Amino acid sequence: MKKKIWIFIGLFVIVFIVGGGLLLYSWGVFATSFKKANNDTLVTKQQTLPIPPLLEDKNPAPNKAEFEITARDGTMEFFEGIITNTRGYNGNFLGPVIRVRTGEEVSVKVTNELDESTTLHWHGLEVDGENDGGPHNEIKPGETWNPMFTINQPAATLWYHPHQMHKTGKQVYEGMAGLFYIEDEVSDSLKIPKEYGVNDVPLIIQDRRFDGDGQLDYELGMKDSIVGFEGHTILVNGAVNPFVEAPQGMMRLRILNGSNGRIYNLKFSNGQEFYQIASDGGFLEKPVRMDSLTVGSGERAEILVDFSKVAMGETVELQDQGISFMSFVVNQASDKVYSIPEKLTTIEKIDERKATTKREFNFQGTGSSVSINGVQMDMDRIDEEVNLGSTEIWEVGNFTGQTHPFHAHGVQFQILDRNGNPPPDNEAGWKDTFLVKPGENVRVIATFKHEGIFMYHCHILEHEDAGMMGQFLVEP
Ligand code: C2O
Ligand code: CU
Ligand code: CU
């Protein structure tokens with residue numbers, strides 16, 4: 001008899017908890033839609049696509065470069081007459097493009113003028129742990145950090161962003177991110193568009209939510225902390241729905257998904273095809289023809305798109321899942337004629353037999369319990385020890401109900417297979433971030449050439465901040 005009563009009480013408690021949860025959830029949905037409604041009163045400022053400035057190299061010596069970056073507060077006018085508080089590097093929102101060459105010795109002075117600690121991480125750069133800018137390289141307010149490194153990898157479109165423990169999502173969201181270009185002899189010799197901001201154009205794609213006052217809203221609802229942040233408004237280079245004047249010819253777009261959590265599926269409104277020429281870590285061996293491109297947060301892709309069949313004066317829009325968020329106004333006579341190169345570069349395949357160690361990384365959990373291999377990030381715990389110079393196979397699995405982008409610092413991987421099948425052609429190059437679908441198993445290989453402590457994590461920043469991250473130590 002007593003047992004029955006306890007079962008009854010137990011059921012009651014369960015119903016109470018589930019009911020309460022549902023109520024909270026629907027309130028979240030309601031509150032979000034209310035905010036969205038408020039948003040409709042904001043009038044988007046019509047503007048051309050902002051092109052981030054190229055950062056000046058202060059060291060005149062050949063083969064050496066010196067840069068200065070300051071993290072600071074700023075303001076932007078995303079909407080007519082509305083001042084939005086932001087953060088940026090050397091400016092109000094985002095940062096300048098740092099452009100270096102393979103072999104160059106680089107020194108960067110990073111000053112923190114914010115009222116909180118930050119770090120500056122070089123996403124995709126192969127450098128030692130102490131120059132990587134992960135959570136251990138904290139820059140306190142008013143301090144300057146001076147990483148130094150020699151560029152030791154091929155031409156690529158990389159990026160930089162904060163990596164402060166538990167604050168990466170918020171700081172990136174407020175505007176802190178920038179691009180980092182590496183050029184080399186291969187990129188010099190290719191006959192592809194190279195005029196910065198004219199026919200070689202960066203597209204930093206980020207989604208944001210604005211509150212009724214037009215301020216950036218990073219209050220995480222239940223859905224945001226479970227699946228990652230998704231905003232209603234997509235910004236490109238810090239502008240809402242911008243347009244860019246395009247040549248009636250070939251354009252090179254360097255795309256960065258700089259969003260906190262959203263995965264994009266990009267297409268052109270006229271359905272036209274394009275060619276992917278580079279993945280995260282550099283050029284693919286050959287251009288890959290495609291008509292849609294999936295990019296997870298943190299991933300990059302360079303594409304060539306040929307507008308020569310678009311009528312003068314016509315507009316082509318760039319869309320995510322069918323919704324336009326920027327447009328190309330084809331109104332410039334193209335003075336140069338480009339063709340799609342047959343071959344871009346040579347990528348030496350890392351031989352699987354060279355691998356001395358195999359490791360498994362499994363995405364697990366949900367919400368505040370997200371983890372890799374069942375453990376959450378702890379600054380004082382090294383999860384994996386890797387021998388300097390060794391080649392390893394990492395096998396990444398996903399035991400959750402959603403897709404996660406896996407990223408590791410200080411290395412570039414080659415994808416061996418996805419569920420035992422060779423990766424698609426546009427993933428057959430260097431990758432530092434790759435999507436892993438629920439139930440999928442992705443095997444990658446890399447040679448670890450740099451010493452120090454590095455992170456591996458989910459690049460949905462809400463997951464990273466919640467602990468879906470671990471550390472590996474590379475040592476001789
Ligand atoms: Cu793009 Cu650990 O970062
Ligand atoms: Cu990184
Ligand atoms: Cu994740």
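Read the numbers this way: they start at 1 and go in the same order the structure lists the ligands and their atoms. Not measured: the values here are computed from a predicted model.
Looking at His463, its N, O or S atom nearest to the Cu ion (ligand 3) turns out to be ND1. Note on His407: its N/O/S atom closest to the Cu ion (ligand 2) is NE2.
In this structure, Phe67 and Asp57 have side chains that are in contact, with non-hydrogen atoms separated by less than 4.5 Å. The side-chain heavy atoms of Met469 and Met165, taken from C-beta on, include a pair separated by under 4.5 Å.
Among the atoms of His457, an N, O or S atom falls under 2.8 Å from atom 2 (Cu) of ligand 1. Within the 2.8 Å limit, His459 places no N, O or S atom next to the Cu ion (ligand 3). The Cu ion (ligand 2) has no N, O or S atom of His163 under 2.8 Å away, backbone or side chain. For His121, every N, O or S atom stays at 2.8 Å or more from atom 2 (Cu) of ligand 1. Not a single N/O/S atom of His407, whether from backbone or side chain, sits less than 2.8 Å from atom 2 (Cu) of ligand 1.
For Phe229 and Tyr218, the gap between ring centers is short of 6.0 Å. Ring centroid separation for the pair His123 and His459 comes in under the 6.0 Å cut-off.
In this pair, Phe406 and Tyr456 present their aromatic rings parallel. The plane angle is below 30°, not in the 30 to 60° band. Below 30°, between 30° and 60°, or above 60°: for Phe268 and Phe274 the angle between ring planes is above 60°, a perpendicular geometry.
Remark: side-chain polar atoms of Gln276 are paired, donor with acceptor, to backbone N or O of Ala278 under 3.5 angstrom.
Here His163 contributes NE2 and His409 contributes NE2, and at atom 2 (Cu) of ligand 1 these two atoms make an angle of 100°, given to 10°. The Cu ion (ligand 3) lies at the vertex of an angle of 120° between the SG atom of Cys458 and the ND1 atom of His404 (rounded to 10°).
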